[in-house]
**Student:** 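Sharing a structure here in structure tokens format.
By convention in this document, chain letters (A, B, ...) are assigned in the order of the sequence lines, proteins followed by strands, and residues within each chain are numbered from 1. None of the values given here were measured: they were computed from a predicted structure.
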Amino acid sequence: MSEPTTGHKSEHGDEPAESFHFIEQIIRDDLASGKHPGIHTRFPPEPNGYLHIGHAKAICLSFGLAAKYNGQVNLRFDDTNPEKESQEYVDAIRRDVQWLGFDWNGGEFFTSDYFGQLHAFAVKLIEDGHAYVDHQSPDEIAAGKGTPTRAGQESPYRNRTVEENLALFQEMKDGVHPDGHCVLRAKIDMAHPNMHMRDPIIYRIKRAHHHRTGDDWCIYPMYDFAHGQSDSIEGITHSLCTLEFEVHRPLYEWFIQALDIFPSRQIEFARLNLDHTVMSKRKLLTLVEDGVVDGWDDPRMPTISGLRRRGFTPESIRTFCDRVGIAKRENVIDFSLLEWALRDHLNRVAFRAMAVLDPVKLVIVNYPEGQTEMLPSENNPEDESAGHRALPFSRTLWMEREDFKEEASRKWFRLAPGKTVRLKSAYIVSYEDHVVDADGRLQEVHVSYYPNSKSGSDTSGIKAKGTLHWVNADTAVDAEVRLYDRLFSDPKPDGHEGREFSEFLNPESLEIRTGCKLEPSLAQAEGGTPFQFTRLGYFTLDGAKSESEGHMVWNRSVTLRDGWKG
RNA sequence: UUCCCCAUGGUGUAAUGGCAACACUACUGAUUUUGGUUCAGUCAUUCUAGGUUCGAGUCCUAGUGGGGAAACCA
């Protein structure tokens with residue numbers, strides 16, 4: 001699965017030895033020592049939003065490790081807060097994980113499946129004197145917690161008897177008390193240096209309709225009293241999560257010990273940060289709700305669905321996650337690494353096609369009027385087996401406006417007075433004339449061609465420095481093409497104290513081009529299939545958008561690398 | 001004036017006490033019917049101070065810097 005990207009020299013030769021990140025190291029040690037016969041991981045999203053590229057890192061980690069070590073992975077929806085969760089998100093998450101190419105061979109679960117078991121765990125805790133019902137108000141509880149630098153104070157309800165707590169907890173469950181009237185707390189240590197150990201709340205009363213359990217429950221377990229226990233119930237050996245849960249680990253372990261259940265082990269790694277974007281579900285939700293973007297799957301969003309619509313492939317995202325690595329250090333990954341991963345994949349698999357985004361007439365003055373010939377063009381120079389297609393060619397073509405300049409230096413390889421270029425897969429042409437309108441705007445470029453310079457049978461001996469893409473005018477297909485740039489102009493939009501991330505939105509993140517001219521074969525393209533538009537970049541047809549707009553809409557996934565610094 | 005985590009080129013990640021490397025980015029050059037690809041190359045790195053050791057990026061101590069922690073969120 002994940003091949004080592006780097007390694008140190010082995011003692012025996014020049015072969016680089018495989019190197020493992022710290023989590024894989026732990027797994028290998030546990031397997032070697034026999035601590036576990038096999039590994040079992042899980043991916044536990046809360047269904048309260050769409051998955052993003054940061055989740056992809058976690059997914060690739062947990063699924064990838066399980067696959068590599070012949071273990072199992074569970075997909076578990078951590079649905080303990082009914083107010084924020086919904087079936088829509090469950091469906092979207094399932095689809096995204098699947099699309100990324102992963103299969104939850106350990107099964108699909110919901111924390112809500114364990115509400116009965118979790119309740120029983122809570123009762124056991126009470127019976128063992130490890131939990132109590134607290135009737136303090138939220139403010140009183142917060143005040144009683146103390147601060148990181150000052151110890152908390154014990155609740156006046158802390159020493160109720162087991163019987164009283166049992167009865168009260170039963171009342172909470174039975175709906176005797178109104179929302180927020182009281183909570184169940186673990187009895188640990190109000191002076192603990194770790195705030196999470198100061199008698200954490202483990203159950204609260206919340207009369208909210210749950211997307212799966214409906215109104216069966218009016219009390220819901222808190223994250224800390226659900227996550228570790230769910231891991232344990234499912235026999236998760238290695239529970240991988242991001243760094244912000246580091247301070248929760250002592251609690252995670254405390255519950256496992258107090259309950260005497262299967263000891264899953266929580267291991268934390270640094271979450272993924274990408275520059276020029278935001279990654280928190282809350283902020284992404286804001287962008288969606290404020291209409292800044294066209295939904296969770298807007299091609300500029302760092303969501304899995306957005307990247308998919310943009311034209312990213314599962315392979316490219318997996319490659320990206322591999323290259324990003326796993327460590328505990330805070331990081332901000334260059335967006336260019338994501339782009340590189342996409343280009344690297346698409347260059348190998350995407351068929352080439354010709355399209356002109358800003359069309360200008362190109363007339364071949366010495367080409368017979370009314371004549372059309374079909375010229376073969378390779379579908380992918382990187383893959384011989386991709387074959388060829390036939391391009392219609394005639395006297396009038398479309399060329400790219402930016403491929404002509406009235407005054408050009410000798411470093412300009414495109415069209416200009418006195419210049420000669422090759423038309424891709426066709427003929428070599430030389431400048432003859434050009435036409436501008438009253439505003440000085442270019443209308444037409446006239447060239448003459450060399451009949452003996454035809455691609456594949458060129459006997460002209462002429463060498464043209466530049467090669468231009470073109471589309472035959474008569475047979476061109478009209479389309480709208482959307483060009484995307486980074487959503488934010490600042491590399492760390494949410495990294496400015498006292499300023500909103502939305503202040504750094506890039507006003508030019510979306511550019512809509514209409515009246516683009518595509519080669520006729522593209523009329524049959526299917527949504528989601530990647531193409532390289534020669535010299536322009538990688539593009540994919542936006543199926544849903546095309547349907548709703550009533551005409552073809554193409555999204556540019558990523559540009560080609562541009563070595564031209566003119 | 002608390003607790004936890006982290007510190008290697010511009011970015012990310014390796015080096016498991018023994019020659020600091022790989023990738024991305026940027027830049028050069030070669031090739032090229034995509035100013036793409038490919039190939040060759042260049043720039044650039046162990047936070048500080050002590051200590052242990054024959055030997056420290058790695059272990060120890062302190063400092064500095066960064067991040068996290070006080071929701072009836074996850």
**Student:** Among residues at least two apart in sequence or on other chains, which ones pass ring pair (Phe, Tyr, Trp, His ring centres under 6.0 Å) with A/His388?
**Tutor:**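 None.
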**Student:** A/Arg401: which residues meet the salt bridge (Lys or Arg N to Asp or Glu O under 4.0 Å) condition with it, sequence neighbours left out?
**Tutor:**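 In terms of salt bridge (Lys or Arg N to Asp or Glu O under 4.0 Å), with neighbours along the sequence ignored, A/Arg401 is linked to A/Asp358.
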**Student:** By side chain to side chain contact (heavy atoms under 4.5 Å, CB included), which residues pair with A/Glu154, not counting sequence neighbours?
**Tutor:** A/Arg158, A/Met190
**Student:** Hey, can you pull the residues of residues 241-252 of chain A with a non-hydrogen atom under 4.0 angstrom from RNA chain B?
**Tutor:**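 Correct list: A/Phe245, A/Glu246, A/Val247, A/His248.
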**Student:** Which residues pass the ring pair (Phe, Tyr, Trp, His ring centres under 6.0 Å) test with A/Trp470, not counting sequence neighbours?
**Tutor:**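 Applying ring pair (Phe, Tyr, Trp, His ring centres under 6.0 Å) to A/Trp470 gives A/Phe393.
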**Student:** Quick test of your reading: applying ring pair (Phe, Tyr, Trp, His ring centres under 6.0 Å), list the pairs with at least one residue in residues 319-340 of chain A, sequence neighbours left out, ordered by first then second residue.
**Tutor:**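 For residues 319-340 of chain A: none.
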**Student:** Of all of residues 42-61 of chain A, which get a heavy atom below 4.0 angstrom from RNA chain B, listed by number?
**Tutor:**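 When residues 42-61 of chain A is checked for heavy atoms under 4.0 Å from RNA chain B, the hits, listed by number, are A/Glu46.
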**Student:** Reading RNA chain B 5' to 3', what string of ( ), [ ], | and . shows its pairs, if Watson-Crick and G-U wobble pairs count only when both distances fall under 3.5 Å?
**Tutor:** .((((((..((((....[..)))).(((((.......)))))....(((((..]....))))))))))).....
**Student:** Got a sec? Which of residues 175-184 of chain A come in under 4.0 Å of RNA chain B, heavy atoms?
**Tutor:** A/Gly180, A/Val183
**Student:** Restricting to side chain to side chain contact (heavy atoms under 4.5 Å, CB included), what partner residues turn up for A/Thr242, sequence neighbours left out?
**Tutor:** A/Glu244, A/Phe245, A/Phe269, A/Arg271
**Student:** Considering residues at least two apart in sequence or located in another chain, which fulfil the ring pair (Phe, Tyr, Trp, His ring centres under 6.0 Å) criterion with A/Tyr50?
**Tutor:** A/Tyr89, A/Trp296
**Student:** Tell me the salt bridge (charged side-chain N to carboxylate O under 4.0 Å, His left out) pairs involving residues 139-150 of chain A, sequence neighbours left out?
**Tutor:**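 Matches after skipping sequence neighbours: none remain.
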